[in-house]
K.L.:
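Here's a structure for you.
Numbering of ligands and ligand atoms starts at 1, following listing order.
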Amino acid sequence: MSNKELQALKERYVAAGVASPNEQFADYAKNAEVWDADGKRMIDFAGGIGVLNLGHRHPKVVEAVKAQLDKLMHTCQTVMPYEGYVKVAEKLSQIAPVRGHGKVMLANSGAEALENALKIARAATGKTNVICFDGGYHGRTFMTMAMNGKVNPYQTDFGPMPGTVFRAPYPIPYHGVSEDEALRGLKMVLKTDANPKDTAAVVIEPVLGEGGFYAASHSFLRAIRDICDEHGMLMIVDEVQSGFGRTGKMFAIEHSGVEPDMLTCAKSMADGMPISAIVGTDKHMDASGPNSLGGTYTGSPVSCAAALAAMQAFEDEDILGRAVRLGDKLAERFAQWQEQFPHVDNVRNVGPMAAFELVDSKSSREPRGDLAAAVVKKCKEKGLILLSCGMYGNSIRFLMPITIEDEILEEGLKMVEEALGEVS
Ligand code: PMP
């Protein structure tokens, strides 16, 4: 079917809230390229929102999934466990930088990982509150919706939100929130709203994903670690978007040397197969009773096979080294654009988790979401899938596969450069 026919079907049969600005339907994809239903080729700088750090259909992942399909697709691990689940748990325990030894629970999505992290934190501490950050994003279930630090579009139409969720400022010096102010804000929340004796956890993205690709400084993350220790709260890092090589390390928190109590991950964990995980200190992970954690599809054998193959590919193909080199290339190019284009400012990257902002002028720093939207639209017309993000929608973020071929990277960057020229 053509894009047009598929769009007509979508409008007739799919709930309007499941929106996409894209009327192209994906048909076939390979590494950093996607072809739509009409056969048009697009370069992919979105990677399914950070899911495809290994590129579309990484050959080793595809091979592992095919082999698993011929063996076992499902039992439900509570009915009858299988090797893939425990192997993924073993591997994650080895690579995730959590405090102590590290045990694992698998789930299906990022939101489900956060939900379970909070369940476990409540069981482990006997406390209920959670503190999150302005601009944070954690999912679309009720609890994670409440945790999101941006109201529209996530919470609009769905209120009231669950209580026990409190918010502190995320440090974004470019927009006037210094690290000191953010810390003061967190300490104030603990005084004014969320009594530490009732607060189970602080949940933070080391680099904000949907919230704009702003990185918390290492000292800020260390301060959170100290505050959590002081008050017996768990530090949970949400690495759903920043994990699996996106920042040049397996997990973004590793840059700071801080060890959280728990880490949530998903997205690029299995190159597109749905799976997520919570990794945490043994004693916390063991706090809740038998049958208190689970779900029919959690840690499906097929997703586990994909995750194991993906994690092996990270090791075999020096994906982290490639991520660092990709990040350096992006940083160099962004610096040129910042010089060249009056509206491009606050270029930033942690490895290839890279972004810049469109602002009215470098002196006013007034966010121009309209210009970011125009750049995304122009890129789409040129054949590039690109995403904006941030509280003001004025950051352009780059989530291309780490495995992108040099020529295709260059072709895509040229399109962005042209689009920036056209909106300047
Ligand atoms: N946490 C973060 C940091 C995310 O970026 C996302 C998804 N963008 C989620 C949680 C939710 O993940 P999912 O969409 O798989 O539920």
K.L.:
Please report which non-hydrogen protein atom sits nearest to atom 10 (C) of ligand 1, along with the residue it belongs to and the distance in Å to one decimal place.
P.N.:
His138 O, 3.3 Å

K.L.:
Closest approach of Thr281 and Val98, non-hydrogen atoms and distance?
P.N.:
N-CG2, 4.3 Å

K.L.:
For atom 5 (O) of ligand 1, grab the closest protein heavy atom and report residue, atom and distance to one decimal in Å.
P.N.:
Gln241 NE2, 2.8 Å

K.L.:
Quick check on atom 14 (O) of ligand 1 - does any protein heavy atom sit closer than 4.0 Å to it?
P.N.:
no

K.L.:
Please walk me through it: do Glu381 and Lys377 pass salt bridge (charged side-chain N to carboxylate O under 4.0 Å, His left out)?
P.N.:
CA-CA 6 Å; Glu381 287 156 11; Lys377 185 159 176 282; 3.4 Å; yes

K.L.:
Starting from atom 2 (C) of ligand 1, which protein heavy atom do you reach first, and at what distance in Å?
P.N.:
Tyr137 O, 3.3 Å

K.L.:
Check Glu239 against ligand 1 and report side chain, backbone, both or neither, counting heavy atoms closer than 4.0 Å.
P.N.:
neither

K.L.:
Numbering the atoms of ligand 1 from 1, which are under 4.0 Å from a heavy atom of Ser109?
P.N.:
15 (O), 16 (O)

K.L.:
How would you list all residue pairs meeting salt bridge (Lys or Arg N to Asp or Glu O under 4.0 Å) that involve residues 252-271, not counting sequence neighbours?
P.N.:
Arg99-Asp261, Arg225-Asp261

K.L.:
Between Asp238 and ligand 1, is there a nitrogen or oxygen pair with a distance under 3.5 Å?
P.N.:
yes

K.L.:
Would you call the rings of Phe133 and Phe220 parallel, tilted or perpendicular if under 30° counts as parallel and over 60° as perpendicular?
P.N.:
perpendicular

K.L.:
Can you tell which part of Glu112 has a heavy atom less than 4.0 Å from ligand 1: side chain, backbone, both or neither?
P.N.:
neither

K.L.:
Please work out whether the ring planes of Phe244 and Phe251 are parallel, tilted or perpendicular, with thresholds of 30° and 60°.
P.N.:
perpendicular

K.L.:
According to the interplanar angle, ranging from 0 to 90°, do the rings of His74 and Tyr297 count as parallel (below 30°), tilted (30 to 60°) or perpendicular (above 60°)?
P.N.:
tilted

K.L.:
Looking only at protein heavy atoms, which one is nearest to atom 12 (O) of ligand 1, and how far off is it?
P.N.:
Gly110 CA, 3.3 Å

K.L.:
I'd like to know whether ligand 1 has Lys267 as a neighbour, heavy-atom separation below 4.0 Å.
P.N.:
yes

K.L.:
Using a strict cut-off of 4.0 Å, indicate which atoms of ligand 1 neighbour a heavy atom of Ala111.
P.N.:
11 (C), 12 (O), 13 (P), 16 (O)

K.L.:
Among all protein heavy atoms in this structure, tell me which lies nearest to atom 3 (C) of ligand 1, with the distance rounded to 0.1 Å.
P.N.:
Glu205 OE1, 3.2 Å

K.L.:
Taking distance alone, with N or O pairs closer than 3.5 Å, would you say Ile49 contacts ligand 1?
P.N.:
no

K.L.:
Keeping Asp44 on the side-chain end and Ala46 on the backbone end, is there a donor-acceptor pair under 3.5 Å?
P.N.:
yes

K.L.:
Look at the rings of Tyr85 and Tyr82 and say which category their plane angle falls in: under 30° parallel, 30 to 60° tilted, over 60° perpendicular.
P.N.:
perpendicular

K.L.:
Determine whether the aromatic ring centres of Tyr28 and His56 lie less than 6.0 Å apart.
P.N.:
no

